[in-house]
There are 2 protein chains.
Amino acid sequence: MADAEYVSIWMRPERPARGPKPVYSRAQITEAAIRIADAEGLDAATMRRIAAEIGAGAMSLYRYVPSRDNLVELMADRLMGEIDVTGMPSGDWRADLTRYADGLRAMWLRHPWISTVQRSLPSFGPNQLLLIERLMGVLDPFVSIDENLSLMAVLNGYVEGTVREEISSAEEVRRSGLSESEWMERSSPYVDRLVKSGEYPIFTKIVMEARQPHLSRDDQFRYGLQRVLDCIAAALPSTAGSAMPAHREEREEQDGPGHR
Amino acid sequence: MADAEYVSIWMRPERPARGPKPVYSRAQITEAAIRIADAEGLDAATMRRIAAEIGAGAMSLYRYVPSRDNLVELMADRLMGEIDVTGMPSGDWRADLTRYADGLRAMWLRHPWISTVQRSLPSFGPNQLLLIERLMGVLDPFVSIDENLSLMAVLNGYVEGTVREEISSAEEVRRSGLSESEWMERSSPYVDRLVKSGEYPIFTKIVMEARQPHLSRDDQFRYGLQRVLDCIAAALPSTAGSAMPAHREEREEQDGPGHR
DNA sequence: CCTCCACTGGGTACGTTGTACGCGGTTCCG
DNA sequence: CGGAACCGCGTACAACGTACCCAGTGGAGG
């Protein structure tokens with residue numbers, strides 16, 4: 001019933017054999033689009049705008065990319081390539097997953113617009129595939145494939161959830177037009193009203209914490225990440241000795257959040 | 001610099017005092033929009049389409065809602081109300097969080113389009129607020145506020161990550177035009193090529209598992225969820241027995257993330 | 001070498017979107 | 001009983017993705 005004619009971008013070749021040499025390239029277009037999205041958001045990365053960025057006509061882009069949605073897929077995969085996973089199943093799974101999580105977070109913070117692209121259907125680009133192989137390879141010797149998937153869902157979910165909040169609050173600050181220190185004191189009138197009403201004690205605590213954080217974002221992230229890794233460690237057989245999760249007190253010393 | 005005139009939807013009243021009685025209502029419009037989005041996706045929920053659904057003119061909607069984005073916020077908050085959290089800090093935190101996770105997953109599966117709405121800035125609607133109070137209240141007696149936030153990030157992240165994959169694969173099946181059983185055998189030509197190439201052994205295992213799952217989606221979800229709850233249990237002080245609501249202990253001094 | 005035609009970049013145009021603006025009618029306040 | 005405040009809604013516009021068409025171009029077959 002549906003269009004069975006659909007073929008993935010990754011199947012159709014960039015360049016045909018015949019004809020004059022193309023002036024541009026998929027990589028160049030993708031790069032330009034990412035540049036615009038980084039600066040002004042994904043919505044600003046219009047076909048016309050991208051074309052202008054590289055000095056081309058709007059319709060020329062369609063010689064390289066079947067549609068804008070497909071271009072976004074290209075962009076997303078390009079971003080996956082920014083996460084360094086070289087030599088990834090290194091033997092120390094805890095180090096590997098930490099490096100991956102840090103890389104993923106850093107990438108999201110560099111390109112916040114990625115949080116708005118829905119992967120309603122997954123497109124397995126080359127970078128994405130490499131990432132899967134390397135990352136899932138880390139725990140593959142220890143657990144079944146679907147247990148592995150579950151654990152990675154936890155890890156990815158934590159990172160994405162956390163970073164989404166970071167992006168949101170950064171966006172809120174930007175929109176309010178205030179500097180970050182100003183925003184600390186005087187938040188939006190709506191949030192202020194909620195807090196003053198006294199009906200939402202826990203929400204109030206969250207707001208207070210956000211205004212006067214006693215942990216830097218990085219420390220906060222690292223702290224929660226260790227929690228997640230502990231969870232993963234618990235799910236692994238004892239044969240998978242990495243740096244063994246020590247007792248709580250010691251762990252607090254070595255990788256717990258530092259006081260500022 | 002930015003528009004300091006911005007006010008949240010939740011601040012501007014639905015109805016003014018004066019003038020003729022409105023024929024429609026925000027709730028009615030929101031409901032219609034959700035109905036359309038459920039059936040045909042969020043993109044299909046055009047202002048004109050929504051207006052037609054309730055028998056109104058397109059521009060009439062703007063008497064009730066400042067913009068389409070704001071309407072989407074209304075829709076999202078309406079969905080939060082579908083998650084049943086009545087009597088939520090019940091004393092048994094494990095039961096509470098399980099019920100919440102199940103409810104969240106069920107809601108997402110009922111309204112898959114919610115995965116595409118970016119919460120680039122969080123809008124604290126009434127349902128969202130109630131959810132925060134009740135849900136965060138579950139662990140509030142045991143941990144500090146930002147530890148609580150971290151743990152909820154893990155939980156939400158797991159649920160959302162898992163459900164996103166469910167939605168994706170359902171979407172893929174629907175788009176391929178094949179029945180689910182047919183899809184098991186013959187997947188997309190691109191994925192097929194990747195598998196046959198032999199260069200992606202782990203990816204291949206994932207595909208195989210997806211075709212011949214030995215666990216139902218529900219069981220898979222429940223299994224991973226228990227892992228997450230175990231992780232949360234490990235982060236809680238020992239006084240927080242699942243069945244007994246303990247009062248807050250001073251353990252926070254030594255256990256919490258460096259609170260002072 | 002020439003010839004052919006698959007390819008190139010790009011201009012024009014169409015359908016659809018969100019929404020600014022203004023109109024004539026309706027309801028409530030003073 | 002005005003008149004201000006609000007209603008539903010038709011028109012209009014800018015911006016979007018992209019279908020279609022064109023004149024040029026350069027590699028392959030003769």
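Protein chains get the first letters and strands the later ones, always in sequence-line order, with residue 1 at the start of each.
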**Asked** Can you find a side chain N or O atom of A:Y24 that sits less than 4.0 Å from OP1 or OP2 on C:dG10?
**Response** yes
In this structure, how many angstroms lie between the [atom2] atom of [N] and the [atom1] atom of [X], rounded?
X	N	atom1	atom2	answer
B:L71	C:dT17	CG	P	15 Å
B:L61	C:dT19	CG	C1'	11 Å
B:R63	C:dG25	CZ	P	16 Å
A:R49	D:dG17	CZ	C1'	17 Å
B:R12	D:dC6	CZ	P	13 Å
A:K21	D:dG26	NZ	P	10 Å

**Prompt:** Between A:F203 and B:F124, what is the ring plane arrangement, given parallel below 30°, perpendicular above 60°, and tilted in between?
**Reply:** perpendicular
Counting side-chain heavy atoms from C-beta on, which of [options] comes nearest to [X]?
X	options	value
A:A56	D:dT18, C:dC28, C:dG10	C:dG10
B:M59	C:dG10, D:dG10, D:dG27	D:dG10
B:M47	D:dT18, C:dT19, D:dC9	C:dT19
A:R68	D:dG17, D:dG8, C:dG18	D:dG17
A:V23	D:dT18, C:dG9, C:dG22	C:dG9
A:Y62	C:dG11, D:dG17, C:dT8	D:dG17
A:Y64	C:dG9, D:dT18, C:dC28	C:dG9

**Message:** Considering every strand and a 4.0 Å limit on heavy-atom distances, what is the contact class for B:T46: base, sugar-phosphate, or nothing?
**Reply:** sugar-phosphate
Ion pair present between [X] and [Y], side-chain N to carboxylate O less than 4.0 angstrom?
X	Y	result
B:R35	B:E31	no
B:R99	B:D84	yes
A:R68	A:D43	no
A:E166	A:R105	yes

**Prompt:** Of A:R48 and A:A58, whose closest DNA chain C nucleotide lies nearer the 5' terminus?
**Reply:** A:A58
